[in-house]
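Beneath this line is the structure, given in structure tokens, with notes to follow.
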Amino acid sequence: MERKWWHGKTAYQIYPKSFYDTNGDGIGDLRGVIEKLDYLQELGVEIVWLSPCYCSPLADQGYDISDYYNIDPRFGTMADMEELIEKGRAHGISIVMDLVVNHCSDEHEWFRKACEDPDGPFGQFFYIRDWHEGEKLPCNLRSYFGGPCWDLLPGHTDKIYFHAFHKKQPDLNWENPALRKVVYKMINWWLDKGLGGFRIDAIINIKKLLPFRDFPADRDDGLCRFKTMLAEAKGVNVFLAEMANETFHRHDAFSVGEVFDEKEEDLPLIIGDNGYFSSMFDFSEKLIGMDARGWYAWKMPTAEEYKKAAFEAQAKSAGVGFYSNIIENHDEPRGVSHYLPEGENSDAAKKMLGGLNFMLRGLPFLYQGQEIGMENTVFTTPEQFDDINTLHEYQVALNAGLTPGEALAAVARVSRDNARTPFQWSADENAGFSSGTPWLPVNPNYREINLASQRGRPDSVYEFYRQLTALRKSVEWAETVVYGETVPYLAEQENLMAYFRKGERTLLVAGNFQNEAQSMFLPTTVKEVLINNLNCFDADAGSLRLGPWQFVVLAL
Ligand code: TEU
Ligand code: CA
């Protein structure tokens, strides 16, 4: 495997709207990110991905872009963005933006022009079809946010357009070379500005099975999930290769794909030496317990399932490339609320989960607030949901016959809003996030969980993450932490997740995934305890006794 400039780094995702608000309008902004660059440097991150901050009506929180060449005034100005890129560099941080090109906003001028003249060149930027009242739609796919993928083209009664997500997110027609060309031009424009690269949104959806046709319905609504079509749509690789050659590869940019449902044999094409992307997220842990019926039917993952998914992903990517490893992002509940059993949210357990994930081979990606152990928030009424997908899934749960109370509880566990509450900087009002009213209420636990109370306190979750990022960069251990092979250890021992990282030297990473002590066999003597989330270390010849939720990184 070829060595890349970004391999040894730690990455961090910022959800700008909820990170830090500098002008009191309740919305986080780019100046807020600039102000916190010292903080990010202190934490040890060197790549920062910003969720979208382009002009947008924010129907899907910026994943509906109305102008790719401008910053939404709520987030700041282009001058702020340029300053962030430059100051980021001075802090040793590459700034990465979100690239949302499966669709744009219905308020983008391309779509406006397509509505004005569906037969003109911009009509070809979208999937527009003739349709008359009472007629069957071109296909029965269900959009990700509910309902059919088709809506009437604004201003028309006899034309419809296609959207995989919300109706305010019309899909771009990648079959059209003219569309691809303007997309590549835009990507290069940003890279020429000095941007470090992109996280590529929902990219697997750009290839549709054409002509559109029906699939067997999988719910009472007569519709079929999007995935079913994607499995049959061949040829996305052609688009991805072209995009990489025309853009990322020319700049040696960092790119990380939001890729789902890839075929295993395609992994080298996607993240190999000359891959379409530098890296892609490993979502295999997120997928545990999912159910096609809807969020309400999802099951919570167990420790054994988590371990199995992580080890399988490690095996798949070994010798091929780097997955980006996460326990959460802006689309998921908080990792500590999802992967740890209910009620087991001690600092020790949080550190164990974070440590096990961080030490895997690949690029560790922290999500804002993870480093201080932020948890799911509390929802007492459905009105508190902001996210369109959560509102939709609440309805799905009701339709399935759950009572309002049951539906609320079921959807609250996995709501995307959990990850979107403001960053908890301090115990001050609004968690120090804003002097105004935050756009989404702060998690009520901010007086207990916040950065100010953890900074400098050696046993805090925050200082634990700093130890992890420091180890990844240390002269002595970086080679092994970054490139060492992952070899699962005692994989059959229940609620124990342990693995070696074998490279220049050998590390043993072990986490006791339960609220009860357990002993594990030690293959050799321990030279040094590099990281330990508890104050005790109980090892003798051949055996290590791990306390509840204990996590250690050992030099052998
Ligand atoms: O998500 C793409 C995606 O596949 C979603 O279906 C995801 O699984 C869903 O958000 C779970 O609720 C990306 C973005 O990360 C997401 O925030 C956007 O809403 C979506 O694309 C549309 O741009
Ligand atoms: Ca603001």
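All ligand and atom numbering here is 1-based and tracks the order in the structure. Atoms considered below: every heavy atom in the structure, side chains included; atoms not considered: hydrogens, waters and symmetry mates.
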Side chains of N445 and Q424 only: does a donor on one sit below 3.5 Å from an acceptor on the other? yes
I want to check something: taking the side chain as every heavy atom from C-beta on, are L391 and P382 in contact at a cut-off of under 4.5 Å? no
Near ligand 1 (heavy atom, under 4.0 angstrom), the protein residues are D60, Y63, H103, Y144, F145, F165, Q169, R199, D201, A202, E258, F260, K286, W295, H330, D331, N389, R416, R420
In terms of relative ring orientation, are F248 and F198 parallel, tilted or perpendicular, with 30° and 60° separating the classes? tilted
Tell me, which protein N/O/S atoms are under 3.0 Å away from the Ca ion (ligand 2)? D21 OD1, N23 OD1, D25 OD1, I27 O, D29 OD2
When you compare the side chains of Q61 and Y15, does any donor N or O come within less than 3.5 Å of an acceptor on the partner? no
For residues V396 and Y296, determine if any side-chain heavy atom of one lies less than 4.5 Å from a side-chain heavy atom of the other. yes
Got a salt bridge between D221 and R219, using NZ or NE/NH1/NH2 to carboxylate O under 4.0 Å? no
Only pairs under 3.5 Å count here: list side-chain donor-acceptor contacts from residues 202-209, not counting sequence neighbours, and write none if there are none.
{"residue": "N205", "atom": "OD1", "partner": "Y144", "partner atom": "OH", "Å": "2.7"}
{"residue": "N205", "atom": "ND2", "partner": "A202", "partner atom": "O", "Å": "2.9"}
{"residue": "K207", "atom": "NZ", "partner": "E175", "partner atom": "OE1", "Å": "3.4"}
{"residue": "K207", "atom": "NZ", "partner": "E175", "partner atom": "OE2", "Å": "3.1"}
{"residue": "K208", "atom": "NZ", "partner": "N102", "partner atom": "OD1", "Å": "3.2"}
{"residue": "K208", "atom": "NZ", "partner": "D171", "partner atom": "OD2", "Å": "2.7"}
{"residue": "K208", "atom": "NZ", "partner": "N205", "partner atom": "O", "Å": "2.7"}

Got a sec, which residues hit side chain to side chain contact (heavy atoms under 4.5 Å, CB included) with A407, two or more places apart in sequence or on another chain? Y394, A397, L398, L402
If the plane angle is over 60° it's perpendicular, under 30° parallel, otherwise tilted; pick one for W110 and F125. perpendicular
